[in-house]
S.K.: 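Below are the structure tokens for one structure; questions will follow.
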Amino acid sequence: MIGVGKIKQYSNVLDKPLTKGKQEVSLSAFAFLFSELVQYNQTQVDNIAELERRLEDAGYAVGARVLELLCHREKGNRRETRLLGILSFVHSTVWKVLFGKVADSLEKGTEHEDEYMISEKELLVNRFISIPKDMGTFNCGAFVAGIVRGVLDGAGFPAVVTAHFVPMEGQQRPRTTILIKFAEEVLLREARLG
């Protein structure tokens with residue numbers, strides 16, 4: 001037989017290595033599945049806040065899994081222990097894996113010491129969703145906020161993460177800002193580490 005021993009056969013899917021495979025998903029397939037997720041959750045709730053919470057919960061589960069996968073693939077099972085390190089990891093590595101590019105900006109809040117913002121001019125989850133007038137402030141970015149919260153919680157940086165629209169001068173669509181407000185314990189630990 002030609003090639004005997006060159007191709008390793010795996011008897012179980014769990015035995016396969018977690019190497020980098022094809023990482024791209026069809027944009028139309030993602031848009032369809034995400035719109036179905038939004039529509040399903042919309043039928044299960046009575047108000048916008050509850051819908052955003054459900055999307056955030058769905059994103060949280062994704063974020064926890066993304067952290068495990070990326071720590072294994074990219075970092076050799078090591079995790080960030082510093083605040084700026086985890087923020088940089090989310091802003092660059094996580095964003096690049098999920099959306100194919102680094103986030104537009106990462107900024108520290110000017111009013112509060114514990115707030116950071118990740119901004120995106122055109123967040124992928126908001127690109128294909130048209131919001132009815134009666135849902136006014138609904139932001140599908142809550143799903144991405146949940147992903148970020150899942151990554152941060154899994155790495156030991158508990159935070160409240162929310163998504164907000166921020167109007168931009170000269171632009172028809174507002175940008176989406178993911179606001180991260182870290183728990184006090186994170187700031188105390190960061191101060192101890194100096």
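This chain uses plain numbering: 1 for the first residue, then up along the sequence. What you see is a predicted model, and the numbers here were worked out from it, not measured in a lab.
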S.K.: Please determine if Lys101 and Glu120 form a salt bridge, counting it only when a charged side-chain N lies under 4.0 Å from a carboxylate O.
M.R.: yes
S.K.: Kindly indicate whether the side chain of Val90, heavy atoms from C-beta on, has any atom under 4.5 Å from the side chain of Tyr116.
M.R.: no
S.K.: Hey, does Phe143 have a side-chain heavy atom less than 4.5 Å from the side chain of Val38?
M.R.: no
S.K.: CZ of Arg65: more than 12 outside heavy atoms within 6.0 angstrom?
M.R.: no
S.K.: Using a 4.5 Å cut-off on heavy atoms from C-beta on, say whether the side chain of Pro174 contacts that of Val166.
M.R.: no
S.K.: Do you reckon Ile86 sits in the same ILVMFWY cluster as Leu187, going by side-chain contacts under 4.5 Å, direct or chained?
M.R.: yes
S.K.: Do Leu179 and Leu152 belong together in a cluster built from hydrophobic side chains that touch within less than 4.5 Å?
M.R.: no
S.K.: Check whether any side-chain heavy atom of Asp114 lies under 4.5 Å from a side-chain heavy atom of His112, and answer yes or no.
M.R.: yes
S.K.: Tell me whether Gln39 at atom CD has more than 12 heavy atoms from other residues, nucleotides or ligands lying less than 6.0 Å away.
M.R.: yes
S.K.: Same hydrophobic cluster for Val144 and Phe30, using side-chain heavy-atom links shorter than 4.5 Å among ILVMFWY?
M.R.: yes
S.K.: What do you reckon, is CZ of Phe99 surrounded by more than 12 foreign heavy atoms closer than 6.0 Å?
M.R.: yes
S.K.: Compare every heavy atom of Val102 with every heavy atom of Lys96, then report the nearest pair and how far apart it is.
M.R.: CE-CG2, 3.7 Å
S.K.: If you count every heavy atom of other residues, nucleotides or ligands that lies below 6.0 Å from Glu113 atom CD, does the total exceed 12?
M.R.: no
S.K.: Near Lys181 NZ, under 6.0 Å, is it more than 12 heavy atoms from other residues, nucleotides or ligands?
M.R.: yes
S.K.: Counting only heavy atoms not in Asn47, do more than 12 fall under 6.0 Å of its CG?
M.R.: yes
S.K.: Val125, Leu27: one ILVMFWY side-chain cluster at the under-4.5 Å cut-off?
M.R.: yes
S.K.: Applying side chain to side chain donor-acceptor pair (under 3.5 Å) as the test, list every pair that has at least one member in residues 141-152; sequence neighbours left out.
M.R.: Glu56-Arg149
S.K.: Answer whether the closest heavy-atom distance between the side chains of Arg189 and Val186 falls below 4.5 Å.
M.R.: yes
S.K.: Are Leu124 and Leu98 connected in a single hydrophobic cluster, I mean Ile/Leu/Val/Met/Phe/Trp/Tyr linked by side-chain heavy atoms less than 4.5 Å apart?
M.R.: yes
S.K.: Determine whether Phe165 and Leu123 make a side-chain contact, defined as any pair of heavy atoms from C-beta on separated by less than 4.5 Å.
M.R.: no
S.K.: Ala64: which residues meet the side-chain contact (heavy atoms from CB on, under 4.5 Å) condition with it, sequence neighbours left out?
M.R.: none
S.K.: Begin with the C-alpha distance, continue with both residues' side-chain angles, and end with the deciding distance and a verdict on side chain to side chain contact (heavy atoms under 4.5 Å, CB included) for Tyr60 and Ile147.
M.R.: CA-CA 5 Å; Tyr60 184 89; Ile147 293 173; over 6 Å; no
S.K.: Less than 4.5 Å apart, side chain to side chain, heavy atoms only: is that true for Ile180 and Phe157?
M.R.: no
